[in-house]
Amino acid sequence: MTPEEAMAVADRLARPDAPHLPSNEAWWAQSLAHGAPGIALLHIELAAAGLRPWRRAQDWLSVAAASPITSGSGTALFYGAPAVAYALAATAAVRPAAYRSALEALDTQIAVDAHRRVMAANARIHAGLLPELAEFDAIRGLAGIGAYLLWRDPGGSAVRAVLDYLVRLVDPLSADGIPVPGWWTDTGPTGRPDDEFPGGHGNAGMAHGISGPLALLALAARQEITVPGQLDAIASICAWLDSWRIETEAGSRWPYMITREELAVRATHPHHSGARRRPSWCYGTAGLARAQQLAALVSGDSERSRIAEEALVGALTDPAQLSATTDGSLCHGFAGLARITARASADATEPIAAQLRALIPGLLAAMGRPTDRESPGLLEGAAGTALAALAPAGEPTPSSTWDTCLLIT
């Protein structure tokens, strides 16, 4: 997709009252992943660049803020108050006076909700119970909320509370008398009991697994926002990922998730799942590599940087993995790969930085052009692919820093 095609996508999404959009659905106004706040980000980015009018962004933000905004334990970065606030904050990033009073009110509520969720999570840890994915992950949990807090109020008590909790999350727990990582869940990857995952699983992904917390811990440390034990927690998560790293002809890979059976037989049966799966943001080598590159930057681990960056290059040049990538989305397609590669290239050293930059045009071209039948949203739809296409090849920083929600920057 070209920048011109991205602008054409935005033109098709100019009006939030278009008949093909589900604007009368209750979830639509507050979903950063699929609804109005995510589409607003596309118009904000174009308006910030002077390519389209601010009126469009304002119209979409009005939809997001028009109905009562959900707060409390059912919200997360991609739904409810944090999602609406995220879109407003993207505007404030380029127009600092915009939506000031609304953002102040939302920020206060989000901080209160974050403290409450941390208290509940700490009580669960104290009781020795396993967590749910939605407690800690990037999409529904405290890693995502922490990313918003780190962006908006890095010196506040709420972000430190989230970091303190993530440090505790790393401590091992016991599941039926068997030691497991503190983020081990007793469900499948959907967050519900699953016969395919007896005894639960350990999730490695960026969207729903431990790589989201790892990225947040590293991003905070990069801003010199730290709590006791933070660097040790980063090291512990990295050591766990190291223990499951898969070496292939195309480079290092990591499994999407670990089952109880795999945990039990690891010593005698090397783990090979995931060696040829798609290298996406949500699950896969690209997201995990970026999280580990960020961890290496704050721990001064040049060897980890090398492994992560070479793994990313290998994944993006491996025909088997690229053929498993079948759409253009941010979540699990080429748009997400392009954004991760742009961010990773900015932090890599030469010559690998040049290798990464050289891959970006091909990733953007592979996204294709969204059709009117596709979802219009951010994570899995047209708005996300268009946003990824707007940045010039190799340019890591969008005007509105919209990709903060992916925990890659």
Side-chain angles (χ1 to χ4, degrees), residues 1-18 20-23 28-66 77-79 82-95 98-99 151 281 327-331 333-340 342-343 363-364 367-393 395-406 408-409:
M1 183 189 294
T2 66
E4 292 73 23
E5 290 169 336
M7 287 187 279
V9 168
D11 291 340
R12 294 202 303 272
L13 294 172
R15 296 187 53 172
D17 60 351
H20 67 284
L21 298 175
S23 52
W28 171 255
Q30 298 184 60
S31 174
L32 182 65
H34 306 294
I39 297 170
L41 293 180
L42 173 59
H43 295 292
I44 292 164
E45 186 64 22
L46 283 168
L51 297 172
R52 290 296 186 270
W54 274 105
R55 179 79 261 168
R56 292 182 181 179
Q58 291 162 352
D59 287 346
W60 279 98
L61 291 170
S62 294
V63 170
L77 178 57
F78 285 88
Y79 182 76
V84 175
Y86 188 90
L88 297 179
T91 302
V94 290
R95 304 179 83 182
Y99 304 108
W151 185 28
W281 168 76
D327 67 54
S329 73
L330 282 175
C331 185
F334 287 104
L337 300 182
R339 282 314 304 153
I340 288 170
R343 290 295 187 181
L363 296 171
L364 295 174
M367 291 192 308
R369 182 186 300 181
T371 68
D372 289 338
R373 295 188 300 275
E374 290 187 45
S375 163
L378 177 70
L379 269 190
E380 299 181 20
T385 55
L387 277 164
L390 285 174
E395 173 59 47
T397 308
S399 299
S400 63
T401 61
W402 63 265
D403 57 348
T404 300
C405 65
L406 302 177
I408 60 175
T409 183

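- A donor-acceptor pair is defined here as one N or O able to donate and one able to accept, closer than 3.5 Å; no such pair exists between the side chain of Ser31 and the backbone of Trp28.
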I'd like to know whether Asp327 forms a side chain to side chain contact (heavy atoms under 4.5 Å, CB included) with Phe334, so could you lay out the CA-CA distance, the side-chain angles of the two residues, the decisive distance to 0.1 Å, and finally the verdict. CA-CA 7 Å; Asp327 67 54; Phe334 287 104; over 6 Å; no
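- Inter-residue side-chain proximity for Leu378 and Leu32 is flagged as met; some heavy-atom pair is nearer than 4.5 Å.
- A distance of 8.0 Å separates NE2 in His34 from SG in Cys331, rounded to the nearest 0.5 Å.
- Using a 4.5 Å cut-off on side-chain heavy atoms (C-beta onward), Ser23 and Val63 make no contact.
- Atom CG of Asp403 and atom CG of Leu387 lie 9.0 Å apart (nearest 0.5 Å).
- Atom CG of Leu406 sits about 5.5 Å away from atom CH2 of Trp281, to the nearest 0.5 Å.
- Residue Trp60 holds its CH2 atom at 14.0 Å from OG1 of Thr91, rounded to the nearest 0.5 Å.
- Evaluation of the side-chain hydrogen bond (donor to acceptor under 3.5 Å, both in side chains) rule for Trp402 yields no partner, not counting sequence neighbours.
- The CG atom of Leu390 lies 9.0 Å from the CE atom of Met1; values are rounded to the nearest 0.5 Å.
- Using a 4.5 Å heavy-atom cutoff, the side chains of Leu61 and His43 are not in contact.
- Distance check, rounded to the nearest 0.5 Å: CG of Asp17 to CG of Asp59 gives 8.5 Å.
- Listed for the Tyr86 side chain is a donor-acceptor partner under 3.5 Å among the backbone atoms of Cys405.
- Checked by atom type and distance alone, the side chain of Glu45 pairs as donor or acceptor with a backbone atom of Ser400 at under 3.5 Å.
- Remark: Glu380 pairs with no residue by the side-chain hydrogen bond (donor to acceptor under 3.5 Å, both in side chains) rule, at least two apart or across chains.
- Residues Ala98 and Ala92 share a closest heavy-atom pair of O-CB, 4.0 Å.
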Take Leu42 and Arg56, measure what side chain to side chain contact (heavy atoms under 4.5 Å, CB included) needs, and give me the verdict at the end. CA-CA 10 Å; Leu42 173 59; Arg56 292 182 181 179; over 6 Å; no
